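The structure under discussion appears below in the form of structure tokens.
Fair warning: this is a prediction, and the values are worked out from it, not measured in the lab.
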Amino acid sequence: MTRFVITCCVVDAQPIGIIAELPNASSLEANTWLEAEGVLKKRAIKDSDQINPVSNFQTAENTAPYFMVTKLKKIPTPKDPYLSPPQ
């Protein structure tokens, strides 16, 4: 699951995201907007030490946060699809 964050202008947009796990993920269409509900969990993930977390969520060796999706709904593209940092 990924969104883009803009700090100045569209040209500096950076992707942010989290590993998401859900059944039938391979059947999802590319470039589709989804609203997801679920549970934030943490587990050992191969090469998770290569993931640069936004916050210090990694506390145990080779673990990373992931989102276990329990409910998924297709939504229209938001009017402003970019996120902005808090002012």
Side-chain angles (χ1 to χ4, degrees):
M1 303 178 89
T2 306
R3 292 278 309 255
F4 283 89
V5 173
I6 296 175
T7 54
C8 176
C9 53
V10 174
V11 107
D12 78 348
Q14 294 292 315
I16 62 166
I18 187 165
I19 298 166
E21 183 176 297
L22 66 149
N24 304 319
S26 61
S27 67
L28 296 174
E29 296 176 37
N31 301 313
T32 301
W33 283 86
L34 303 167
E35 182 177 276
E37 291 182 25
V39 180
L40 186 61
K41 295 186 173 189
K42 190 172 167 180
R43 70 171 175 212
I45 297 176
K46 185 178 188 247
D47 298 325
S48 66
D49 58 332
Q50 301 301 309
I51 298 170
N52 294 321
V54 174
S55 63
N56 191 13
F57 195 85
Q58 291 176 280
T59 57
E61 190 174 319
N62 292 324
T63 63
Y66 75 101
F67 188 70
M68 175 64 77
V69 177
T70 58
K71 186 176 178 183
L72 199 60
K73 178 173 79 171
K74 194 173 186 177
I75 61 170
T77 302
K79 185 177 179 179
D80 183 4
Y82 300 103
L83 299 174
S84 298
Q87 298 295 325

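Hydrophobic clustering, with ILVMFWY side chains joined whenever heavy atoms are under 4.5 angstrom apart, keeps I75 apart from L22. At a threshold of 4.5 Å between side-chain heavy atoms, the hydrophobic network of Ile, Leu, Val, Met, Phe, Trp and Tyr places Y82 and V5 in two separate groups. Cluster annotation: I19 and M68 are assigned to the same hydrophobic cluster (Ile/Leu/Val/Met/Phe/Trp/Tyr, side-chain heavy-atom contacts under 4.5 Å, transitive). Cluster membership check: L40 shares its hydrophobic cluster with L34, using side-chain heavy-atom separations under 4.5 Å among Ile, Leu, Val, Met, Phe, Trp and Tyr.
Here the NZ-CD distance, from K74 to E29, works out to 4.0 Å after rounding to the nearest 0.5 Å. Here the CG atom belonging to L28 is positioned 6.0 Å from the CG atom belonging to L72, to the nearest 0.5 angstrom.
Closest approach of P76 and W33 over heavy atoms only: O-CB, 4.1 Å.
R3 contributes a side-chain N or O that, together with a main-chain N or O of P81, makes up a donor-acceptor pair within less than 3.5 Å.
Counting heavy atoms from C-beta outward, F67 and V69 have side chains that approach closer than 4.5 Å.
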